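The sequence lines fix the lettering, A, B, ..., with proteins before strands; numbering per chain opens at 1. As the structure is a prediction and not an experimental result, all values here were calculated from the model.
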Amino acid sequence: MLIADEKTVKTPVLADNPYQPHLARIVRIFKMVPDNHLFTLRFEDQWTAERFKHRPGQFMMLSVPGAGEAPISISSSPTRPGVLELCVRRVGRVTDALYRMQTNDVVGLRGPYGNGFPIETLIGNDLLIVAGGLGMAPLRSLVWWALDHRDKFKKITLMYGAKNPAEMLYRDELVSLADRSDMQCLLIVDRDPTGQWKHHVGLLPTLFDHADINPATTYAAVCGPPVVYKYILQRLLALNFSKDRILMSLERRMKCGVGKCSHCSVGYKYTCIHGPIFTYWDAINLPELV
Amino acid sequence: MKIVKIPKKKLDLFASILRQHWEIHAPVEQNGRYAFKPLTHWSEARLHYNRTILPPKKYFMPPRETMFHYREGKGYVPAQEELDQRLILFGVHPCDIYAINILDEVFGGKYNDPYFQTRRKNIGIIGVDCTPDEHCFCRSMRADTVEKGFDLFFTDLGEEYMTLVGTSLGDDMVLMAAPLFEPITAADIQKYKQVSSEKRQAFSLDVEIHDLPEIFELEYKSEIWDELGDQCLSCGSCSMVCPTCYCYDVADTVELGSKAGDRVRTWDSCLFHTHALVAGGENFREKRSSRIKNRFYHKQRGMVAEYGRPSCVGCGRCIVGCPVHIDIVQVINRLRGEDHANRG
Ligand SMILES: Cc1cc2nc3c(=O)[nH]c(=O)nc-3n(C[C@H](O)[C@H](O)[C@H](O)COP(=O)(O)OP(=O)(O)OC[C@H]3O[C@@H](n4cnc5c(N)ncnc54)[C@H](O)[C@@H]3O)c2cc1C
Ligand code: SF4
Ligand code: SF4
Ligand code: FES
């Protein structure tokens with residue numbers, strides 16, 4: 001009977017499925033740091049590749065066949081389209097499986113997800129980017145976006161700290177930034193066993209002693225492990241930063257990336273859609289955020 | 001809205017007409033409790049029941065659902081085999097319909113969940129009114145009546161069921177069985193008002209939700225949460241039986257000896273220890289007290305911010321199902337400092 005048949009719409013799942021991973025090929029694996037490799041990926045499907053747009057601070061859900069899915073920040077800048085760079089730390093099931101793959105193997109990607117940095121708001125201001133350890137992964141996209149739109153910002157300052165030079169992500173790239181005159185790139189390591197390190201040695205917050213930051217005209221973007229947040233926030237607040245000029249990128253467990261599974265909830269927000277970029281003001285108003 | 005009525009003794013006939021097109025699922029009794037099950041005979045259906053063990057959400061987001069098949073060369077192929085199942089849920093209570101309406105919002109929006117939405121389209125709902133028992137507080141949660149989300153809605157007037165027609169599909173159902181339905185009379189309307197006021201008076205539980213978000217903020221550090229954390233077993237029952245708890249987990253399975261596999265999602269609970277665990281062993285809700293607080297907080301506070309109302313519909317399932325008798329109504333009343341207000 002017609003009426004009953006109309007009820008069963010042939011499934012639209014294929015048409016518009018936010019959970020659909022698109023196949024992407026690994027075009028390059030750069031062994032940047034042990035257990036922190038940089039994977040360069042290209043969508044198999046030209047249509048998907050051409051339509052793909054992201055903003056700094058957003059992330060992808062990366063699928064490794066048989067192993068599962070994991071949220072990974074987009075490390076490359078939208079100003080350098082065509083491929084996506086993901087800096088992945090090997091920690092468990094999905095990331096292990098990724099590390100067993102080789103160039104030309106195929107993974108799944110969906111996204112981009114998350115709010116990303118509010119670049120419209122940042123434009124016209126000074127930019128202070130502070131990263132600790134793997135925190136450089138999501139911030140690198142912002143660094144290059146800003147440098148590729150250099151005229152849109154006043155002062156640009158980057159502070160990045162790693163345990164030692166061997167564990168510094170994007171080391172060569174960042175070291176060359178230190179030579180640029182249109183920005184200040186401050187690099188620091190806790191220890192320097194090599195004796196070859198020409199930049200700072202010590203703890204990340206001490207870099208503030210080398211920079212001249214005007215809190216009234218600056219937006220600060222911070223990412224790193226909890227201890228980094230703790231001490232960097234102290235510094236920024238001591239400088240009298242307004243709480244909504246401090247932006248932080250947060251990590252939570254994520255299963256869907258699109259605000260459905262509840263895994264990433266903080267207080268009453270979802271990190272995956274309301275974040276992962278939050279202002280410090282959001283943070284203190286959401287229980288459990290940091 | 002089109003409103004008609006059907007004599008009770010003609011219900012089995014109505015059901016047999018519907019069964020020509022749909023599989024009918026209705027509450028069936030099992031050792032004094034109820035569960036939605038496929039009917040083999042209309043006589044198994046129980047339209048007077050307090051609550052089913054699992055809410056109807058099991059039809060819209062099954063406890064275990066395959067999302068994709070992974071096939072080498074083909075990639076991730078959406079699993080749609082089960083989605084075309086055509087059925088009618090006969091006898092859904094207002095609070096449970098309300099809950100499905102809340103899930104509509106959660107699984108809709110910018111990122112539409114096509115699995116949920118397809119099932120929602122393919123499953124007809126015939127609601128039925130009910131009489132509250134000692135654990136129901138849907139009236140406090142404003143979910144004792146529902147104005148959308150059903151195809152038909154039945155209210156017991158004694159000899160017949162008054163029938164609200166909610167959708168064009170519902171209208172089709174009525175038209176298919178047109179000779180069974182009758183127009184309503186002035187006497188029916190009187191009777192309906194009487195039933196409605198009797199229902200209102202039958203509630204023994206009450207909570208005030210008006211400024212609950214503020215109370216939750218004020219009591220965020222209350223020692224009540226530690227107490228609850230000490231009692232709670234983290235068994236997750238309260239989430240499983242809740243019609244609006246929608247957390248899920250996703251995992252990939254591999255077929256032995258091949259590169260093919262499935263991506264499967266399963267019900268999860270924010271009460272489980274691993275729910276908020278991240279790399280490096282950092283767990284944002286390590287303590288049980290913070291997890292149980294998160295559940296209450298998300299339902300009564302978070303959902304208000306996101307969707308304009310708490311997601312609890314007052315069905316009472318978590319009260320009945322908790323092995324250590326944690327009672328959401330008591331918790332709210334204690335937070336409000338009104339623990340004497342109800343049963344005690
Ligand atoms: C928005 C966002 C951006 C991220 N960006 C990056 C990135 O650029 N590079 C990168 O290497 N990692 C990133 N992560 C972390 C990454 O998602 C997890 O390390 C990854 O999910 C672990 O997956 P797995 O299957 O390999 O490990 P599992 O086997 O799942 O778990 C290994 C360990 O990781 C923990 N874990 C599981 N899921 C997460 C999670 N979502 N976040 C943190 N820990 C988790 C587990 O509790 C366990 O301790 C990001 C996470 C988020 C939420
Ligand atoms: S929280 Fe409890 S009473 Fe409220 S809807 Fe869920 S199971 Fe029902
Ligand atoms: S049912 Fe009770 S014991 Fe089990 S997780 Fe929920 S509150 Fe805790
Ligand atoms: S990851 Fe599922 S809700 Fe955020």
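Atom CD of Glu217(B) is separated from atom CG of Asp211(B) by 12.0 Å, given to the nearest 0.5 angstrom.
Residue contact with chain B, scored on non-hydrogen atoms closer than 4.5 Å, involves the side chain of Arg93(A) exclusively. Using a 4.5 Å cut-off between heavy atoms, Tyr70(B) contacts chain A through its side chain alone, with no backbone atom that close. Residue contact with chain B, scored on non-hydrogen atoms closer than 4.5 Å, is absent for Val94(A).
Most heavy-atom pairs under 4.5 Å with chain B: of the set Gly108(A), Pro21(A), Cys256(A), Gly66(A), this distinction falls to Pro21(A). Taking chain B as the reference chain and counting heavy-atom pairs below 4.5 Å, the highest number among Ala67(A), Pro225(A), Ser63(A) is found for Ser63(A).
A donor-acceptor contact closer than 3.5 angstrom links the side chains of Ser75(A) and Tyr170(A). There is no side-chain donor-acceptor pair under 3.5 Å between Thr266(B) and Tyr248(B).
Salt bridge absent: Arg120(B) and Asp113(B) never bring a charged side-chain N and a carboxylate O closer than 4.0 Å. Taking 4.0 Å as the cut-off between side-chain N and carboxylate O, Lys255(A) and Glu69(A) do not count as a salt-bridged pair.
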